[in-house]
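Shown next, in structure tokens, is the structure this report addresses.
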Amino acid sequence: MTQTKTAPASVQQPLGEFALTAETLYDKCVALARNLWWSWHPEVINLFRDLDPIRWRQLDHNPIALLREFTPERLEMRAAELVLYSRINYAFRRLKEYLTETPVWGKTHAGVLGSKPVAYFSLEFGVHESLPIYSGGLGVLAGDHIKSASALGVPLVAIGLFYDQGYFKQHLDEKGWQQEEYLNTKVENLPMEPARGKDGKPITVTIDTRTGKLLAKVWLMRVGRGNLYLLDCDVPGNSPEDRELTSRLYGGDNRTRIRQELVCGVGGMRALRALGIMPGVYHLNEGHNAFATLEAIRECMSDDGMAFDDALREVAQHTVFTTHTPVPAGHDRFDGVLIEEHLGPLRDALGISFEQLMGLGRVEPQNEHETFCMTVLGLKLSRKANAVSNLHGHVSRRMWAHLWPWRVEEEGPIGHITNGVHLQSWLSWQMQQLYDRNFPVGWMGRIGEPEPWQNIHDVDPGELWETHYALKNLLLAFVRRRVSRQCRRRGESDDVVEAGRNILDPDVLTLGFGRRFATYKRAALILSDLDWLDKVVNDPKRPVQIIFAGKAHPADEPGKKMIQHIANLRHDPRFAHRIAFIEDYDINVCRHLIQGVDVWLNSPRRPQEASGTSGQKAVLNGVLNLSVLDGWWAEAYDGANGFAIGKGTHHVDSAVTDRRDADALKRAVTAEVVPLFYDRDIDGLPRHWIKRMMNSISSLAWRFSAHRMVADYVHHTYLPAAGGVSSDISAR
Ligand SMILES: *Cc1c(COP(=O)(O)O)cnc(C)c1O
């Protein structure tokens, strides 16, 4: 292992033009590491890994941290040993090309956004596992959105918060109880630099509250062609308490929360101004950032001398709002005291009364008992609101129908754009090779189109199966490594650690379940009848094994109990060898799971899963979905491209729904999934299963890609909001 040495200057230098002018091998590696472009290019990832495979894993796949352990001389030596020169030069040239070319798609479809980009606000961004500024699906979606916007050449800047401790790391104690650990990330190990204003000086923004000023500095992170600006309250002028305001994602109480949202929304707007960026569209990814609209109104009033009402209409004209969940706890609400403390000074500038301000966040503006809801503010201050799947569109229109009591419910102004995933971030390298060999040349540039994907039906079934089997073996190696490490950490005996090293069997049908342990996701649905499960997993001819992973919110006791229940099945001899729980679910764990299991299980309580995206990641790798007909799956499943749990109905009584779905799940596993998987031909190939993998890939991969999603946002929301052509997504 290497000692950490003082890093050469270039690691710390501001990036700027450096990315394009690096000359030495070391500087080229640094330039690669400092644009997150590397994170979705397997050849660059492999390059970093080859420099020091063990440290690479230990450092959470963080190339800057890795390079800081190298001197230029040692890097040269290592490159010589491994003959890496041409690979480094090639990767660097590709990055340079990527940064200097303008994609045709953006030029032809999003030209009007060129000088007035989209400002995309989100409280979390899941770009890579080494940047812990996300907790789950919402953040990963935001990360995928900006990566695809970069690929398509859609002018977009992203605004969020920098949490130096991020979201917690999870591990389980001897009793299987979730422990949360917050680690300090070192800024110098992240691809960030201070964002500079027009005057070349680092930017600090100030936000007045009734109880004092809040300051935030601004970081710049480069994600391909796009810039991600992250506000950070750890600056000298803030009180010690406020310096920790942005330490943790979803930490603290409601007051912390409103202050974070104030910094991201209002502070984010001020940062854009200081940067000299004049957005043509504001995209609020969830209600969290809706305060941005109030600051935008203030700007309109002071810049253009508009009256409040006119400015409000003007801002709404340019605002796009995406709502992400029908679960009530997902909609932030603040009482009048918190609102006045934090928005009071802005309210003064807007010249409106407290009641007027509260009214913007209430369904019934005059109702004094109603708290201020960020989703309501987002809905009122946007011209275009959208849900994230077809079904979620219906649910959201019903949920917020009372906002527009004079309208027919289905004609409410909430449309939908179904989520998608950034292909290159989730597609395994092995599967990509297979596509490269069999798809039309240039297919990667046409990810969101159906045609290239139809070639999957011409692939040799044996080749597809072998590729999947190889990925499954990689997953099992990962699971074994993790499980034995988990046992060692808990101080368990050598026998137990050794058993962990041999857990699971690559020839057994493998189900995966990885997601947040929110109650509505019902992780334990498949465990509702343990006698049945015993029979299924221990069937002598056609056994099944399950891998679980997921975090519970630190305050969610029922979620933690569910984790404990699952994790402790390892003490039950019926399940010890067949059920594994992987701690610390994150982008890395997710990637392994959705690339290597046979079946991705999704059992939410309908209709509470707004979209879900992990199943879309699984599709890309030939993994079949077994899912309740909720979220994206309700519009994706066609009878031959995966498996459905139930018939897409739900009862008003959730206990009834749960019971029915548990039965439907059991039926689907025993009557469909298991028989199909073990139905082998003389070559040992599950022909019908492979056919279904092909159906899944050809019918779903392009539809549920983030490229398609971003293109939809451009056509249906960004262009109309920017003042171009209009196209209505309401109630499509
Ligand atoms: C993709 C992803 C999610 C989203 O999963 P769903 O439950 O399907 O919405 C959550 N967490 C991580 C780490 C992910 O990569």
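Hydrogens, waters and symmetry mates play no part in the numbers below; they use all other heavy atoms, side chains included. Order of appearance sets the numbers: ligands from 1, and atoms from 1 within every ligand.
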Under a 3.5 Å cutoff, is there a donor and acceptor pairing between the side chains of [X] and [Y]?
X      : Y      : result
Glu583 : Gln170 : no
His288 : Arg257 : yes
His707 : Ser148 : yes

Exercise for review: In plain terms, say whether Lys521 and Glu609 are close enough for a salt bridge, that is, a side-chain N and a carboxylate O under 4.0 Å apart.
Suggested key: yes

Review point. Do the charged groups of Glu180 and Arg248 touch, with an N to O distance under 4.0 Å?
Key: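 A salt bridge is absent here (no side-chain N lies under 4.0 Å from a carboxylate O).
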
Under 3.5 Å, which donor-acceptor pairs link side chains of residues 610-618 to any protein atom two or more places apart or in another chain?
| from | atom 1 | to | atom 2 | distance (Å) |
| --- | --- | --- | --- | --- |
| Ser614 | OG | Arg515 | NH2 | 2.9 |
| Ser614 | OG | Trp600 | NE1 | 3.0 |
| Gln616 | NE2 | Asn419 | O | 3.1 |

Check your understanding: Near ligand 1, which protein residues have a heavy atom under 4.0 Å away?
Key -> Gly136, Gly137, Val140, Trp426, Arg515, Lys521, Tyr585, Asp586, Ile587, Cys590, Gly612, Thr613, Ser614, Lys617

